[in-house]
Amino acid sequence: MEERAGARRRPPMVVPPLLLLLLLLLSAFSSCAAAASGAPVGEDYVRPPAAARRCGVHRKALLSLFPWSKKKDSSSASDPQQVHISLAGEKHMRVTFVTDDNSVPSVVDYGTEAGTYTSTSQGESTSYSYLMYSSGKIHHVVIGPLSDNTVYYYRCGGHGPEFQFKTPPSQFPLSLAVVGDLGQTSWTTSTLNHINQCEHDMLLLPGDLSYADYMQHLWDSFGTLVEPLASTRPWMVTEGNHEKERIPFFKSGFQSFNARWKMPYEESGSTSNLYYSFDVAGVHAIMLGSYTDYDESSDQYAWLKADLAKVDRKRTPWLIVLLHAPWYNSNWAHQGEGDSMMAAMEPLLYAAHVDMLIAGHVHAYERAERVYKGGLDPCGAVHITIGDGGNREGLAHRYRNPKPAWSVFREASFGHGELKIVNATHAHWTWHRNDDEEPVRTDDVWITSLAGSGCIQDGSHEYRKILISP
């Protein structure tokens, strides 16, 4: 715009150095959303009715699809679909993709320059049938060794479009996106868009992915929906109740989940894709299965005990566990469903000084203080329930009152979490409400690692006794 003749020119605005520094510090941790200003939070927040109507309309649209057909598009049958990546042991990545053409080889070409592939890896493939549905060819290819914190370009099946991903760093800081009970609604799309705006090295998902619930074409549409994010950063997932899809006397459970979302269970010494562990930067993460045997005589219990006994807190000072059904939950939804697993496994996690336990299942958000055996305990784990990614069943609005002493913050809203692990002793957790298509940082807390406290030294004898005993 031209300046009018004779108008007085305004002097440039000068920002005082101290104010500028404060602004930079505030923005450093905002990631992709600002905290709400004066808006209701927690149990006082009421979601706008229009948002719920949009979600309901999208849900009906999904469920009206013919339940056994595969999603078709205009691309070639040999082109890769539903591309996603996951960690596959130290400095390796597993690339998973689907093709309708069974003759496509299970290969991935990759390199550090666009269009230039200096390495090729060959993998395996599988497929499955479910009632009247037949899957495409599902390819799993492990590539590596890879450099840390590096962008790689890759091509699946020997041709087709080029994808790219960034490997996680080898040391702190580390940024993790966390989302549960994702589904395929309009709220899912908003949540994924918000996560896409945030810088993150990896995504963690504690169960309930596609909400296919026997309708196998929804696994295909889910793979297509998440591909833009899941092909660029590793997605580490564990199963939820909606992954069961068991038909008594006819189909065993988790067939679709295990075929499509292969995790590094073999690399971590597990015999089941339903529970495993992995290391990233200075974090040892354990993904447990809420819907497979977990009592003291189970394979999962024996594996968990052995896995925890091998953890070196000098190398991985942070110890995080994810599972689907929460152990500490003050919502009326799914009340008590994690109690038997907690009774069996909580002593192991306490003895190992687990820092955080993140769950889904309840379609709401809740954060608890450090807790053990139902009471506040400075050496217990911080428990977070984050089953609010999108789902298709709506939110769980009813909380039990009075609020338990261990419950700090609870709200029935869609959203996602971000865990920024700054160093060996401090991490910054934020939960971002998905509010009318805008992400609003609503819960915000700094967490101190138990590795930096006296808990490990004080409980070293108990640790050895529980985890090393036969």
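Model, not experiment: these values are computed from the prediction.
Under a 3.5 Å cut-off, the side chain of Glu239 and the backbone N or O of Lys244 do not form any donor-acceptor pair. A side-chain donor-acceptor contact under 3.5 Å links Thr232 to the backbone of Leu229. In this structure a side-chain-to-backbone donor-acceptor pair under 3.5 Å is present from His363 to Gly394. The backbone N or O of Val440 lies less than 3.5 Å from no partner atom in the side chain of His194, so there is not a single donor-acceptor pair. At least one donor-acceptor pair under 3.5 Å links the side chain of Gln300 to the backbone N or O of Asp293. Looking only at distances, a side-chain donor or acceptor of Glu245 sits under 3.5 Å from a matching main-chain atom of Tyr214. In terms of modelled atom types and a separation under 3.5 Å, the side chain of Arg410 and the main chain of Ala368 share no donor-acceptor contact. Listed for the Gln335 side chain is a donor-acceptor partner under 3.5 Å among the backbone atoms of Asn329.
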request  = Take Thr385 and His383 through the side-chain hydrogen bond (donor to acceptor under 3.5 Å, both in side chains) test and state the conclusion after the steps.
outcome  = CA-CA 7 Å; Thr385 300; His383 284 252; over 6 Å; no

inquiry  = One pair to check against side-chain hydrogen bond (donor to acceptor under 3.5 Å, both in side chains): Gln255 and Arg246. What are the steps and the verdict?
reply    = CA-CA 8 Å; Gln255 182 181 20; Arg246 179 176 178 267; over 6 Å; no

query = For His84 and Glu227, what are the C-alpha separation, side-chain angles and deciding distance, and is it a side-chain hydrogen bond (donor to acceptor under 3.5 Å, both in side chains)?
reply = CA-CA 6 Å; His84 65 264; Glu227 181 187 88; over 6 Å; no

inquiry  = Determine whether Ile85 and Trp235 satisfy the following criterion, side chain to side chain contact (heavy atoms under 4.5 Å, CB included), listing intermediate values before the conclusion.
reply    = CA-CA 6 Å; Ile85 62 173; Trp235 278 38; over 6 Å; no

inquiry  = Checking Trp406 against Tyr328 for the ring-ring contact (aromatic ring centres under 6.0 Å, His included) test, could you report, in this order, the C-alpha distance in whole Å, the side-chain angles of both residues, the deciding distance, and whether it holds?
reply    = CA-CA 9 Å; Trp406 45 258; Tyr328 289 88; 5.4 Å; yes

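Look at Asp220 and Arg260 and you find a salt bridge, because one of the NZ, NE, NH1 or NH2 atoms lies within 4.0 Å of a carboxylate O, short of that distance. Taking the charged nitrogens against the carboxylate oxygens, Arg433 and Glu411 do have a contact shorter than 4.0 Å, which makes a salt bridge.
Every pair tested for salt bridge (charged side-chain N to carboxylate O under 4.0 Å, His left out) that includes a residue from residues 175-186 fails, sequence neighbours excluded, so the list is empty. Among residues at least two apart or in separate chains, salt bridge (charged side-chain N to carboxylate O under 4.0 Å, His left out) pairs with a member in residues 359-376 are Asp355-Arg370, Arg367-Asp443.
With sequence neighbours excluded, the residues forming a side-chain contact (heavy atoms from CB on, under 4.5 Å) with Thr150 are Thr112, Ser147, Tyr152, Thr167, listed by chain and number. Under the side-chain hydrogen bond (donor to acceptor under 3.5 Å, both in side chains) criterion, Tyr154 pairs with no residue, sequence neighbours left out. Looking at residues two or more places apart in sequence or on another chain, you find no ring-ring contact (aromatic ring centres under 6.0 Å, His included) involving Trp429. Contacts of Thr188 classified as side-chain hydrogen bond (donor to acceptor under 3.5 Å, both in side chains), with partners at least two apart in sequence or in another chain: Thr185. Annotation: side-chain contact (heavy atoms from CB on, under 4.5 Å) contacts of Pro402 (sequence neighbours excluded): none. Residues satisfying the ring-ring contact (aromatic ring centres under 6.0 Å, His included) test with Tyr110, not counting sequence neighbours, are none. Trp261 is linked by a side-chain hydrogen bond (donor to acceptor under 3.5 Å, both in side chains) to nothing, counting only residues two or more places apart in sequence or in another chain. Legend: residues meeting side-chain hydrogen bond (donor to acceptor under 3.5 Å, both in side chains) with Thr191, ordered by chain and number and at least two apart, are Asn434. Shown here are the salt bridge (charged side-chain N to carboxylate O under 4.0 Å, His left out) partners of Asp299, two or more places apart in sequence or in another chain: there are none.
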Residues 279-291 side chain polar contacts: donor-acceptor under 3.5 Å, at least two apart:
unit_1: Asp279; atom_1: OD1; unit_2: His284; atom_2: ND1; d: 2.5
unit_1: Asp279; atom_1: OD2; unit_2: Arg315; atom_2: NH2; d: 2.7
unit_1: His284; atom_1: NE2; unit_2: Asp307; atom_2: OD2; d: 2.7
unit_1: Ser290; atom_1: OG; unit_2: His324; atom_2: N; d: 3.3
unit_1: Ser290; atom_1: OG; unit_2: Ala325; atom_2: N; d: 3.2

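With rounding to the nearest 0.5 angstrom, the OH atom of Tyr275 is 14.0 Å from the OH atom of Tyr301. Atom-to-atom distance recorded for Leu357:CG and Met342:CE is 10.5 Å, nearest 0.5 angstrom. Note that SG of Cys379 and OH of Tyr350 are 5.0 Å apart. Values are rounded to the nearest 0.5 Å. Between the CH2 atom in Trp187 and the OG atom in Ser413 there is a gap of 8.5 Å [rounded to 0.5 Å]. To the nearest 0.5 Å, the span separating CG on Leu204 from NE2 on His416 amounts to 12.5 Å.
Because its NZ or CZ atom is both nearer than 6.0 Å to the ring centre of Trp332 and within 45° of the ring axis, Arg400 counts as a cation-pi partner of that residue.
If you check the side chains of His432 and Thr430, you find a donor sitting under 3.5 Å from an acceptor.
Looking at every heavy atom in both residues, Met236 comes nearest to Leu87 through SD-N, 3.4 Å.
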